[in-house]
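Report on the following structure.
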Amino acid sequence: MTSLISRLRVVSPQLNRLIRQPRLILSLFFGLIVLLSVLTSPAQAFQVQVQPTNPQLGDTISVIVQSDRPNTTPTVTFNQKTYPTFATGTNRYRALLPTTPLDRPGRMTIQVTDGQDVSNLAVNLRDRSFPTQRIRVRGGGSDGTDFEFNRVNEFKRLVTPEKFWSGAFARPAGGEITSVYGVRRYYNGVFAQNYYHRGVDYGGGAGAPVVAPAPGRVVLVGRESEGFRLHGNTIGIDHGQGVSSIFLHLSRMDVREGDFVQAGQRIGAIGATGSATGPNLHWGLYVHGQSVDPVPWRYDGFE
């Protein structure tokens, strides 16, 4: 007992100093709560990687999700739309997000969820300058038929689970590029509101070969004689997982719906059918129904 009293006499001055320092005690108390919260919080069940990290208008954004939960497929929400992910490995998934010249540049949020955890990532969508053209068109002008728009819109909505492409996309025609992606246009003197050039145009002369830029299944063959007044003779290829190519103004078509084509396989020839200023190929690349810049797909690819 004597020993205990002696120890208390030694410790009591330290206790008294602590009692006279309420701020220190509160700091230690809340610090302990934060520490316990961190230690007891469940770890995030997935990691997310975004490429490119600094995209610009027209880019395709790749979102890679590595999950710790088996048999749980995450979803990705971006620009108020939810996109599917597809498996690329064991518990590894990828979503492809389209951006267009009509999007507003600036800070945007990519939200990833697996139904239990949610992760929000900020990405800065850079602005980009697109050229403007004034052109005159012949034939049906810029007006198309309901029939062709319905067929093309149905084609753009197609999302099939299998990925058919591998590596960078090939050039679909050998001629020079006559119009790049994203150009704003005046048609016959009238500015096309909310319009941008949804693809790349190639010259090369009537009858020059057109090849598939990547493997895929032919799911659309539209003929000018059957109502494709704006697009002209048209071929649509599904590359899988929401990625598709469309080829317009063809003079000849060498494939049928249901055919499976390989990269570099001839599918038709350059022409001037539909609304065209002359013989050319229009190649449009779509990701989940939105026209994206094909250039990153041609030179870098998305594996």
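All residue numbers refer to positions in the sequence shown, counting from 1.
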Min side-chain heavy-atom separation [X]-[Y] under 4.5 Å:
{"X": "L250", "Y": "R252", "answer": "no"}
{"X": "L96", "Y": "Q241", "answer": "no"}
{"X": "Q116", "Y": "D114", "answer": "yes"}
{"X": "Y202", "Y": "N280", "answer": "no"}
{"X": "I64", "Y": "R92", "answer": "yes"}
{"X": "L281", "Y": "P172", "answer": "yes"}
{"X": "V210", "Y": "W283", "answer": "no"}
{"X": "S62", "Y": "R94", "answer": "yes"}

Can you say whether the rings of H282 and H197 are parallel (under 30°), tilted (30 to 60°) or perpendicular (over 60°)?
-> perpendicular
Report the C-alpha separation of V218 and I267 in whole Å, then their side-chain angles, then the decisive distance to 0.1 Å, and conclude whether the side chain to side chain contact (heavy atoms under 4.5 Å, CB included) test is met.
-> CA-CA 10 Å; V218 177; I267 59 174; 5.6 Å; no
Quick one: [atom1] on [X] to [atom2] on [Y], what's the gap to the nearest 0.5 Å?
{"X": "R151", "Y": "E226", "atom1": "CZ", "atom2": "CD", "result": "9.0 Å"}
{"X": "D103", "Y": "L57", "atom1": "CG", "atom2": "CG", "result": "6.5 Å"}
{"X": "T99", "Y": "Q56", "atom1": "OG1", "atom2": "CD", "result": "8.0 Å"}
{"X": "D254", "Y": "Q265", "atom1": "CG", "atom2": "CD", "result": "9.0 Å"}

Going by the ring pair (Phe, Tyr, Trp, His ring centres under 6.0 Å) test, which pairs reach into residues 71-125, not counting sequence neighbours?
-> Y83-H288
Any side-chain donor-acceptor pair under 3.5 Å between [X] and [Y]?
{"X": "S179", "Y": "R185", "result": "yes"}
{"X": "T160", "Y": "D238", "result": "yes"}
{"X": "N233", "Y": "E224", "result": "no"}

Members sharing L220's hydrophobic cluster (side chains within less than 4.5 Å) | F147, V152, F155, L158, V219, F228, I246, L248, Y286
Verdict with supporting geometry, V159 and R157, side chain to side chain contact (heavy atoms under 4.5 Å, CB included) = CA-CA 6 Å; V159 179; R157 287 194 295 267; over 6 Å; no
S275 versus H249, closest heavy-atom pair with distance = O-CE1, 3.1 Å
For F169 and S245, which heavy atoms make the closest approach, and how far apart are they?
-> CE2-OG, 4.4 Å
Just by distance, do the side chain of R107 and the backbone of N124 share a donor-acceptor pair under 3.5 Å?
-> no
Evaluation steps, side chain to side chain contact (heavy atoms under 4.5 Å, CB included), between D68 and Q47 = CA-CA 9 Å; D68 294 335; Q47 293 81 46; 4.1 Å; yes
R134, CZ atom: more than 12 neighbouring heavy atoms under 6.0 Å | no
Criterion side chain to side chain contact (heavy atoms under 4.5 Å, CB included) on F46 and D117, from CA distance to verdict = CA-CA 8 Å; F46 53 79; D117 288 334; 3.7 Å; yes
